[in-house]
Amino acid sequence: VFQQQTTNTVEEPLDLIRLSLDERIYVKMRNDRELRGRLHAYDQHLNMILGDVEETVTTIEIDEETYEEIYKSTKRNIPMLFVRGDGVVLVAPPLRVG
Amino acid sequence: MEVSHSVKERTIAENSLVILLQGLRGRVTTVELRDESAAAGCITSVDAFMNVRLAEVTFTDRQGTVSHLDELFVTGRNIRYVHIPDEVDIRATIEEQLQAIHRVRYFGGRDKGRREFLYAKQ
């Protein structure tokens, strides 16, 4: 609806995101957050609408005695989320573990 | 359907996903802010810059303290997420908003009324 040019070829980086519409994607955000969800819509600011989202927030705690870094992550699920583009760092296909 | 009175804002909204948020007017949902606080309330208005006005707000701050506010204004820059209620049909909402803008733009007919954008001069 918003596309100025509705071509099928990949001409600019945003077109690569267009290829991921309706697919599950991985979004890395600022403040150590990650989202995994289905991309329903996006715009030039990288504002996005994601469905069936899992948000992972990672924190690092320093053990006071051993000074080792303990990585902790908190997850939560949201059925449909509008994400403001200025928080987005990168967009990629979902990472396959193992 | 409330459309902005500003040509600039109409154009910005029409060309970005903010238009979906504008269609959420009257819906109760949660807005999560950049500073980890969250505001749950009824969306009164959203402008082209994503500034949001909410009413009857349950505000949870970073520490988890809950308070109640009759009205809240959130600057667009401070928004991280907006939860979309399950019952919202995203495509239909966006199309309704676009139609509202087009009704305003073409008010008076195609050849009458003040044109928002200039065609090549004949």
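A, B, ... follow the sequence lines: proteins, then strands. Residue 1 opens every chain. Values reported hereafter were calculated over all heavy atoms of this structure, with side chains retained and with hydrogens, waters and symmetry mates removed. Quick caveat, the model's predicted, so the values are computed rather than measured.
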Could you tell me the separation between the [atom1] atom of [X] and the [atom2] atom of [Y], rounded to the nearest 0.5 Å?
| X | Y | atom1 | atom2 | answer |
| --- | --- | --- | --- | --- |
| Asn15(B) | Asp43(A) | CG | CG | 9.5 Å |
| Leu20(B) | Ile49(A) | CG | CD1 | 4.0 Å |
| Ile78(A) | His83(B) | CD1 | NE2 | 4.5 Å |
| Arg34(B) | Arg30(A) | CZ | CZ | 7.5 Å |
| His45(A) | Leu17(B) | NE2 | CG | 9.0 Å |
| Ile79(B) | Asn47(A) | CD1 | CG | 10.0 Å |

Side chains of Leu35(A) and Tyr81(B) in contact at under 4.5 Å (non-hydrogen atoms)
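A side-chain contact under 4.5 Å exists here.
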How close do Phe49(B) and Arg84(A) get, counting heavy atoms only, and between which atoms?
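Shortest heavy-atom separation between Phe49(B) and Arg84(A) comes out as O-NH1, 3.9 Å.
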How about [atom1] on [X], more than 12 heavy atoms from neighbouring residues, nucleotides or ligands closer than 6.0 Å, or not?
| X | atom1 | value |
| --- | --- | --- |
| Glu64(A) | CD | no |
| His68(B) | NE2 | yes |
| Glu71(B) | CD | no |

Shared hydrophobic cluster, [X] / [Y] (ILVMFWY, side-chain heavy atoms < 4.5 Å):
| X | Y | result |
| --- | --- | --- |
| Val28(B) | Leu21(B) | no |
| Leu46(A) | Leu21(A) | yes |
| Val52(B) | Val3(B) | yes |
| Phe59(B) | Phe73(B) | no |
| Val57(A) | Val82(B) | no |

Heavy-atom cut-off 4.5 Å, strictly under: side chain, backbone, both or neither for Met29(A) against chain B?
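Only the side chain of Met29(A) comes within 4.5 Å of chain B.
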Does any backbone or side-chain atom of Leu81(A) lie under 4.5 Å from a heavy atom of chain B? Answer side chain, backbone, both or neither.
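Contact with chain B involves both backbone and side-chain atoms of Leu81(A).
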Are Arg33(A) and Glu32(B) close enough for a salt bridge, meaning some N to O gap below 4.0 Å?
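Salt bridge flag = no for Glu32(B) with Arg33(A).
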